[in-house]
Amino acid sequence: MRNPGAETVKREEGSPAGGSDVGGSLEGVRGVVRTEWNLLLVRCGVAYGLMDPECALYLYGLRSEVYRLSDYIGEYVEVFGPVVREDCEPPVVQVMRLQVLRQRWMG
């Protein structure tokens with residue numbers, strides 16, 4: 001079951017993403033960057049996910065050529081970018097912009 005907060009995807013037709021069929025572009029989804037061995041993430045070919053801290057569900061799998069996601073583990077962030085895989089659960093986002101909203105030490 002997908003979290004209602006994950007439904008902030010703006011549909012865009014004809015947007016390229018490495019040759020894959022793009023379902024849309026994120027308007028900005030907030031969550032905590034996590035990495036752990038998780039079958040859901042492994043099936044989608046990613047090591048990082050965006051988790052909703054309130055219900056502990058993965059909203060999106062994350063990949064990026066712009067950001068080193070390992071630097072943001074545990075941070076509450078907002079991510080923007082195209083959805084590059086909708087054929088897996090959670091969908092995978094190519095992170096083009098990332099903003100830290102609350103750092104780990106701020107609680």
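The first residue in the sequence is number 1, and the count goes up from there.
- Here the shortest heavy-atom pairing between P91 and E86 reads CB-CA, 4.4 Å.
- Side-chain contact between V92 and V83 is absent, with no heavy atoms from C-beta onward closer than 4.5 Å.
- Sorted by first and then second residue, the salt bridge (charged side-chain N to carboxylate O under 4.0 Å, His left out) pairs involving residues 58-68 (not counting sequence neighbours) are R68-D71.
- Using a 4.5 Å heavy-atom threshold, the side chains of L50 and V95 count as separate.
- Taking 4.5 Å as the limit, some side-chain heavy atom of Y72 sits within range of a side-chain heavy atom of V100.
- At a threshold of 4.5 Å between non-hydrogen side-chain atoms, the residues L41 and T35 do not count as touching.
- Remark: E36 engages R34, N38, Y58 in a side chain to side chain contact (heavy atoms under 4.5 Å, CB included) (not counting sequence neighbours).
- Between I73 and Y48, the closest side-chain pair of non-hydrogen atoms falls below 4.5 Å.
- Here the closest heavy-atom approach between residue Y67 and residue M96 is recorded as CE1-O, 3.7 Å.
- Criterion: ILVMFWY side-chain heavy atoms under 4.5 Å apart, direct or through other members. Under it, V66 and V33 are part of a common hydrophobic cluster.
- Between V79 and Y60, the closest side-chain pair of non-hydrogen atoms is not below 4.5 Å.
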- Message: Working note: V46 + L62, criterion side-chain contact (heavy atoms from CB on, under 4.5 Å); need CA distance, chi angles, decisive distance, verdict.
- Response: CA-CA 6 Å; V46 295; L62 302 176; over 6 Å; no
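- Residues satisfying the side chain to side chain contact (heavy atoms under 4.5 Å, CB included) test with Q99, not counting sequence neighbours, are E78, R97, L101.
- Separation of atoms CG (L98) and CD (E75) is listed at 9.0 Å; rounding is to 0.5 Å.
- For the pair P82/Q94, a side-chain contact is recorded, criterion being any heavy-atom separation below 4.5 Å from C-beta on.
- Taking all atoms of both residues into account, the shortest heavy-atom contact from E54 to D52 is N-OD1, 2.8 Å.
- When all heavy atoms of P90 and G61 are compared, the pair lying nearest together is CG-N, 3.8 Å.
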